[in-house]
Amino acid sequence: MKNKLTHLAIIMDGNGRWAKERGHIRTKGHEKGADVTRNITQYCAEHPTIETVTFYAFSTENWKRPKYEVNFLMKLLNAWLLNELDTYHKFGAKFETVGDIEGFSPKLQETIAYIKRETAHHTNVTQILALNYGARDEIAKAASRLANRDEEITEDSLGAELNTPYRDIDLMVRTSGEQRLSNFLLWQLSYSEFYFTDTLWPDFTPEELEDIIDQYLHRERRFGAVS
Ligand code: IPE
Ligand code: IPE
Ligand code: MG
């Protein structure tokens with residue numbers, strides 16, 4: 001029996017190293033990486049079973065980067081989203097986010113809200129960008145909301161209170177050879193299958209993703225039971 005694959009999550013890592021290897025400044029890698037995000041979204045939109053693809057784009061820890069890089073990423077995101085609207089329409093992709101968007105500039109928040117509104121009716125795939133996202137932050141805020149309502153905290157009630165309820169992840173891929181979660185979706189990844197590839201994100205292709213998915217489909221997922 002093949003595994004189901006409805007929710008794929010990707011930690012897009014290695015942009016800086018990709019640029020450095022080519023003698024460019026790090027931000028060149030982010031530009032190239034954004035093109036790859038588009039290609040992978042198209043692959044997911046055309047895939048028969050993938051309903052949701054979540055990309056880690058900016059973590060709550062990424063504010064520690066040099067100011068020029070953070071500014072560049074904010075500008076890139078704003079321009080990329082506006083430019084991407086046609087592609088969302090073309091792929092039938094709905095845009096959503098997870099993370100604390102209120103930490104961004106009003107202009108970027110407006111762009112995010114605009115692209116969400118414009119793509120809300122699409123059904124081929126939902127692309128979720130994790131933006132100013134940290135799993136500990138997400139879990140702590142959800143727990144605090146429940147506590148304020150004086151509700152019992154159970155797995156179900158906390159899971160439903162997260163910003164990504166109902167979205168257990170089947171397969172998580174991280175590029176660039178790093179083998180860690182870096183505070184990504186701790187709750188939703190509890191029983192996911194992991195795949196780590198040495199490929200740097202700007203070099204990642206739909207063909208490589210297809211190979212990874214093929215392997216995933218034949219893994220044995222036991223969820224604590226016996227086979
Ligand atoms: C991932 O690439 C993109 C973001 C975190 C925004 P990096 O910028 O982390 O690239 P490396 O890991 O330094 O190569
Ligand atoms: C994780 O990558 C965050 C994103 C891909 C957005 P990082 O490059 O920031 O993570 P660390 O520093 O290697 O853990
Ligand atoms: Mg990195």
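Order of appearance sets the numbers: ligands from 1, and atoms from 1 within every ligand.
Relative orientation of the Phe55 and Trp201 rings is perpendicular, given thresholds of 30° and 60° on the angle between their planes. The aromatic rings of Phe104 and Trp63 lie tilted to each other, with the angle between the two planes from 30° to 60°. Between Tyr133 and Phe184, the ring-plane angle classifies as perpendicular under the 30° and 60° cut-offs. Ring orientation note: the planes of Phe95 and Tyr88 are tilted relative to one another, at an angle of 30° to 60°.
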Can you list every pair where an N/O of ligand 2 is under 3.5 Å from an N/O on the protein?
| unit_1 | atom_1 | unit_2 | atom_2 | d |
| --- | --- | --- | --- | --- |
| ligand 2 | 8 (O) | Asp13 | OD1 | 3.2 |
| ligand 2 | 8 (O) | Arg65 | NH2 | 3.3 |
| ligand 2 | 9 (O) | Asn62 | ND2 | 2.9 |
| ligand 2 | 9 (O) | Arg65 | NH2 | 3.2 |
| ligand 2 | 10 (O) | Arg174 | NH2 | 3.4 |
| ligand 2 | 10 (O) | Ser182 | OG | 3.4 |
| ligand 2 | 13 (O) | Arg174 | NH2 | 3.4 |
| ligand 2 | 13 (O) | Arg180 | NE | 3.4 |
| ligand 2 | 13 (O) | Arg180 | NH2 | 2.8 |
| ligand 2 | 14 (O) | Arg180 | NE | 2.9 |
| ligand 2 | 14 (O) | Ser182 | OG | 2.6 |

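Near-neighbour remark for the Mg ion (ligand 3): protein N, O or S atoms under 2.8 Å are Asp13 OD1; waters not counted.
With 3.5 Å as the limit, one finds a donor-acceptor pair spanning the side chains of Thr97 and Lys116.
Taking a cut-off of under 4.0 Å to the non-hydrogen atoms of His30, the atoms of ligand 1 that pass are 3 (C), 8 (O).
Side chains of Asn132 and Ile101 form no contact here, defined as non-hydrogen atoms less than 4.5 Å apart.
The side chain of Arg26, and not its backbone, has at least one atom closer than 4.0 Å to an atom of ligand 1 (non-hydrogen atoms only; side chain from C-beta on).
Here Asp203 does not pair with Lys32 in a salt bridge; the nearest charged N to carboxylate O distance is not below 4.0 Å. The pair Lys90-Asp86 fails the salt-bridge criterion, with no side-chain N (NZ, NE, NH1 or NH2) lying under 4.0 Å from an Asp/Glu carboxylate O.
Qualifying side-chain contact (heavy atoms from CB on, under 4.5 Å) partners for Tyr114, counting only residues two or more places apart in sequence or in other chains: Leu82, Leu85, Arg117, Glu118.
Heavy atoms of Lys20 come nearer than 4.0 angstrom to ligand 1 in no pair at all.
When each of Val98, Leu77, Thr54 is checked for a side-chain contact (heavy atoms from CB on, under 4.5 Å) with Leu129, only Leu77 meets the rule.
Under a 4.5 Å side-chain heavy-atom cut-off, the cluster of Ile, Leu, Val, Met, Phe, Trp and Tyr residues that includes Phe223 is completed by Tyr191.
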